[in-house]
Number of protein chains: 2
Amino acid sequence: MAYRRTDTVAARLADTRRHILNAARELVAEGGFAAAQMTEVARKAGVATGTLYRYFPSKEELCRQVFREVSAREMNVLAGIAQGPGTAAKRLESVLRTFASRAVRGRRLAFALLAEPVDVGLAEERARFRRTHGEIFAGLLEEGIAAGDFPARDVKVTAACIAGAIPTALIGPLAPESHELDEKGDKVVDEIMTFCLAGVGLLQPRIKVKAPDARTGEPRIRA
Amino acid sequence: MAYRRTDTVAARLADTRRHILNAARELVAEGGFAAAQMTEVARKAGVATGTLYRYFPSKEELCRQVFREVSAREMNVLAGIAQGPGTAAKRLESVLRTFASRAVRGRRLAFALLAEPVDVGLAEERARFRRTHGEIFAGLLEEGIAAGDFPARDVKVTAACIAGAIPTALIGPLAPESHELDEKGDKVVDEIMTFCLAGVGLLQPRIKVKAPDARTGEPRIRA
DNA sequence: TATATATATGAACTATAATTCATTTTTTGC
DNA sequence: GCAAAAAATGAATTATAGTTCATATATATA
């Protein structure tokens, strides 16, 4: 007998693994999964490319692990709110606002998680991520319907609508420019909330606007 | 002088070009842009791979052309309805229902246009496609607000919500299974319409449900 | 310190799919 | 039919990025 893995070594191995995952996550946060090339990850983690393969069997597995870690954080935040106190309606509102606000703040990462073109392995992880969103939304909708807070609906379809509306309005070609979101991100989130809450039947319909002002052409809105 | 391009040849060239585009489009309709590999396109079009490059400078350009042709058809259908007769609210409803119904029927192509992972060149085309949707929706919303049909909103954000909600609820991991859509696609479209029209403030809020029935646990819905 | 084993290295290899180009075939006008 | 130009061919090349592996280095016991 001449070698055995000591605790010191085990700790260093775990440390290297963490360094690799951190390097990969930072690259993803900067430039999406497309930027997480193995040579770049190795460089950033301060190891050789071959070393990566002593810790992860393939690039796909490494990226999946990064995806899981990042998305788990988000899902836990939302699930925590959903399970918390308050009426279903209040919790739904809180979940949606949190989802949207966090996506605005971490736009690049949100883009990677939700919208960036990725290959099949990551698409699977993304599908799980989005399904979890759907389940959280659908659960609250069901509760709310049972409690009589919302009108009865197909909660799966409605949840999918919400899960599509929020990211699309914040990320990608239909979203405001990034610098606009820096300034008026909160207003955009408010608008999205209005749409989604009205969509599930939660909001009172606003008072109708009158016909456009004859002089200015601007619609006059009454409180 | 010994050669000049006759009309016969020009016609044959145009014909080959069309064959290539058709072959590519069919492959996309069957398996998405991922299935449109140059060797496959050539095989299906009945030409050599090198021939493709006599008609298109690169795979990217060929795929872009396919994307443009397919998406133009869809955009024209929606734009036609938007410019047609009727109140803004009626036209909006018709545009949304048409968008959703066509996506259900041509799911695979809709997936390729809206959701399939694609590289940057096609992502640009897709961005244009989605922006056009956004503009059509936003234009109708503006009209409707001016006419007093809907409450005032940020029409761009609202349009983006709609443009995200519809495909997400019909395509991808949050959508019903394909075989389900075959049976009850119309119901799903109805649900999506309800969500979106309520979202823009068009629907009267439904009458509230009562508390769940004590015996069955089922919420009772009153007309 | 010697030996065995584990771990790390990074240049070389590989797989995939787009692209090229020397060659062949087709077309046209004389 | 022949020469000139265009068009088509498809095997070979190229580009990219992931993966391997022979070699070197580090670690643990006797």
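Regarding A:Y55, its OH atom lies at a distance of 18 Å from the C1' atom of D:dT19, rounded to whole Å. Taking atom OH of A:Y53 as the reference point, atom P of C:dT14 lies 15 Å away to the nearest angstrom. In this structure, the CG atom of A:L52 is 16 Å from the P atom of C:dT7, given to the nearest Å. To the nearest angstrom, P of D:dA6 lies 19 Å from CZ of B:R17. Rounding to whole angstrom units, CD1 of residue A:I20 and P of C:dA8 are separated by 8 Å. In this structure, the CG atom of A:D119 is 12 Å from the C1' atom of D:dA17, given to the nearest Å. At whole-Å resolution of the value, CG in A:D7 and P in D:dA28 are 10 Å apart. Atom CZ in A:F56 sits about 16 Å away from atom P in D:dT20, given to the nearest Å.
Comparing B:M38 and B:V9 along DNA chain C, the residue whose closest nucleotide (by nearest heavy atom) sits nearer the 5' end is B:M38. Between A:T49 and B:Q37, the residue anchored closer to the 5' end of DNA chain C is A:T49, taking for each the nucleotide with the nearest heavy atom. Comparing A:S58 and B:A48 along DNA chain D, the residue whose closest nucleotide (by nearest heavy atom) sits nearer the 5' end is B:A48.
The side chain of B:R12 contributes no N or O atom lying less than 4.0 Å from OP1 or OP2 of C:dT26. At the phosphate of C:dA6, neither OP1 nor OP2 sits under 4.0 Å from any side-chain N or O atom of A:R54.
Between B:E191 and A:K156 there is no salt bridge, since no side-chain N of the basic residue sits under 4.0 Å from a carboxylate O of the acidic one.
Enclosure of atom NZ in B:K90 is not indicated, since only 12 or fewer non-hydrogen atoms of other residues, nucleotides or ligands lie within 6.0 angstrom. More than 12 heavy atoms of other shown residues, nucleotides or ligands fall within 6.0 angstrom of atom NZ in B:K59. In B:D7, the CG atom is not crowded: 12 or fewer heavy atoms of neighbouring residues, nucleotides or ligands sit closer than 6.0 Å.
Considering A:N22, A:T16, A:D15 as possible partners of A:R18, the one that fulfils the side chain to side chain donor-acceptor pair (under 3.5 Å) test is A:N22.
Note on A:L13: only backbone sugar-phosphate atoms sit closer than 4.0 angstrom, heavy atoms only; bases stay farther off. Counting non-hydrogen atoms under 4.0 angstrom, A:R43 reaches nothing in the nucleic acid. Across all strands, A:T39 comes closer than 4.0 Å to no nucleic acid atom at all (heavy-atom distances).
The partner of C:dC21 is D:dG10, judged by Watson-Crick or G-U wobble contacts that both fall below 3.5 Å.
Relative to the side chain of B:T51, the nucleotides C:dG10, D:dT9, D:dT19 differ in distance, and D:dT9 lies closest.
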